Amino acid sequence: MSAATQNTTVDQLASDLNNASLNGDANGAATLNTDVSNVNSEDQDAAGPTPTNAPHPQASASLYVGELDTSVTEAMLFELFSQIGSVASIRVCRDAISRRSLGYAYVNYNTTADGEKALEELNYTLIKGRPCRIMWSQRDPALRKNGQGNVFIKNLDVAIDNKALHDTFAAFGNILSCKVAQDESGASKGYGFVHYETDEAAAQAIKHVNGMLLNEKKVFVGHHIPKKDRQSKFEEMKANFTNIYVKNIPVEATEEEFRELFEKFGDVTSASLARDAETGKSRGFGFVNFINHEHAATAVDELNGKDFKGQDLYVGRAQKKHEREEELRRSYEAARIEKASKYQGVNLYVKNLDDDIDDEKLRELFQSFGSITSAKVMRDTPAETAEAEEKKEKDDEKNKENKDTKETKETKKEGEAETEEASAPKAKRSLGKSKGFGFVCFNNPDEATKAVSDMNQRMVNNKPLYVALAQRKDVRKSQLEASIQARNQIRMQQAAAQAGMPQQYMQAPMFFPPGAQQPGFLPQGGRGMQFPPQAGMPIPGAQGGRPGQFQAGFPPQQAGRGAPAGQQMPPNM
DNA sequence: TATGAGCGT
């Protein structure tokens, strides 16, 4: 980074910090001295931001570009990076077998200056809707893998993006990499990372920003601790617990009785029963804290499950609130997965359904194969259908009487059994329009398999059904991705063959700018193709147009262009 | 609440 830019950034930091009320507030947040123009040379720490303008160590012109969408090609990167200066070469790294992009690339410039400029001007540029992350290529993994200088920031305001984070933290030293964690839609997850070149810079950043307000939010800034290190620390903490949680305590038990019960095992610093805020009545649980762990552990061993005034106590290590919540979340997730795998092999995906087919009719179609636990036609929400309905109502005015007697019912919740149907109120509510597919779940896999072989391609209301075993959402998703990748690969090869490109260059795609002399390329000015072929570009004469299109009205295979992926599975899978 | 990914010809 140039000195001029660095100064700008520092000034900007000072002003940003002021604007963002980083200077403390009534809530007791600490005050940050952002005055970097009046540094007391004897007080290094108070000086705060100590930016370094150190050039990167290798003095190469090779950039690593990460966080790329897998569809990003060399050509797209060339278009962007050549705006900065003369690009020597670009390579998107790909899996050796599947050729799927690994999500990162190298951009090599002819000069280091251009590399620096790209780092300053192109970092976090959106490519295919995702901000790219640019670093100097650092081939020595050891330098990257020790966590030196890596800082973790949480409780970030969602408005703080990569650039804002970078600008804020650049004042403390040279940043190798900086990122705000994002969800799939690109929204901030409220935490991020700043990896400095040196530990000193990281220490300065932590010292000066931890606990400060950024966009009204008090941020935590600390050393990045990898998951496994945090976990082992947590294990150690758990192994030395002194705090105990007790439940199933008779409500008539007094604080004193409760405390006495535990004092037999050692010195207790506190023993309290949870009480209702209004009535003051015991809520039947409480906490006991011992001075030392051994006594706490003995109390758990001796008292758990023991009778206390007529009730069997639960006594265990007390969890932190978030720990307990996480445990509950995990067990919920485990239950969900178990439920999903239970459907494996018994749940059928049925598509190309006529709009007239409702849950009831779907069940009837399949009931001869065995015992059906649920049959469900996926529908738009009534709201989505409302507009269309309204229009239809006008059209149907002539047939009004007919419509009024039509059976309507509300879309049912997931997992509800169909047996309710008979007793369901025939309320005159609008039913969402059928999405043309649904799910039929059998009791056992044999019934399901038989139904697939007998019902697939069966004509129903003049439409051939597509019937297959339903796939789990994640399985389906990865299969779709693989097929798209394979399709693009074929297109690339077809395009290359058409252009007369030697096969070997398809195996190791490397983009050289037009005009660059590279061995094996067609001479300039010949009839050679523009290089490289882009995924998704139309290929004259290539077979079949859009893959997955089918003829004579028969639906494509499940891996083709079926209903939108998000609707393929019932919500319980 | 939250603690990443990542290096080739």
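Residue numbers begin at 1 in each chain, while the letters A, B, ... track the order of the sequences. In this text the structure is predicted, and so the values were computed from the model without any measurement.
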Between [N] and [X], is there an OP1 or OP2 to side-chain N/O distance shorter than 4.0 Å?
{"X": "Y104(A)", "N": "dC7(B)", "result": "yes"}
{"X": "H224(A)", "N": "dG4(B)", "result": "yes"}
{"X": "R133(A)", "N": "dA5(B)", "result": "no"}

Between [N] ([atom2]) and [X] ([atom1]): distance, integer Å:
{"X": "E67(A)", "N": "dA5(B)", "atom1": "CD", "atom2": "P", "value": "9 Å"}
{"X": "Q182(A)", "N": "dA2(B)", "atom1": "CD", "atom2": "C1'", "value": "15 Å"}
{"X": "I90(A)", "N": "dC7(B)", "atom1": "CD1", "atom2": "C1'", "value": "16 Å"}
{"X": "Q138(A)", "N": "dC7(B)", "atom1": "CD", "atom2": "C1'", "value": "9 Å"}
{"X": "N162(A)", "N": "dA5(B)", "atom1": "CG", "atom2": "C1'", "value": "13 Å"}
{"X": "R91(A)", "N": "dC7(B)", "atom1": "CZ", "atom2": "C1'", "value": "12 Å"}
{"X": "K233(A)", "N": "dT3(B)", "atom1": "NZ", "atom2": "P", "value": "16 Å"}
{"X": "D229(A)", "N": "dG4(B)", "atom1": "CG", "atom2": "C1'", "value": "14 Å"}

Check: S62(A) side chain, dG8(B) base, donor-acceptor under 3.5 Å: yes
message: Would you say CD of E236(A) has more than 12 non-hydrogen atoms from neighbouring residues, nucleotides or ligands within 6.0 angstrom?
response: no
- prompt: Aromatic rings H208(A) and F172(A): how do their planes relate, parallel, tilted or perpendicular, breaks at 30° and 60°?
  reply: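 The rings of H208(A) and F172(A) lie parallel, inter-plane angle below 30°.
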query: Parallel under 30°, tilted from 30 to 60°, perpendicular over 60°: which one fits the rings of Y64(A) and Y106(A)?
result: perpendicular
- prompt: Considering only side-chain heavy atoms of Y64(A), which listed nucleotide, dT3(B), dG8(B), dG6(B), is closest?
  reply: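 Of dT3(B), dG8(B), dG6(B), dG6(B) is nearest to the side chain of Y64(A).
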field: Touch class at under 4.0 angstrom, heavy-atom based, for N150(A) against every strand present
entry: base
query: Which is true for N155(A) with a 4.0 Å heavy-atom rule: it touches a base, it touches only sugar-phosphate, or it touches nothing?
result: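 Base, at least one base heavy atom under 4.0 Å.
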F193(A)-dG4(B) aromatic stacking (under 5.5 Å, under 30°): yes
Qualifying salt bridge (Lys or Arg N to Asp or Glu O under 4.0 Å) pairs, either residue in residues 155-165 of chain A, two or more places apart: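 Matches after skipping sequence neighbours: none remain.
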field: Residue pairs involving residues 280-296 of chain A (criterion side chain to side chain donor-acceptor pair (under 3.5 Å); sequence neighbours excluded)
entry: T242(A)-N289(A), T269(A)-N289(A), N292(A)-H295(A)
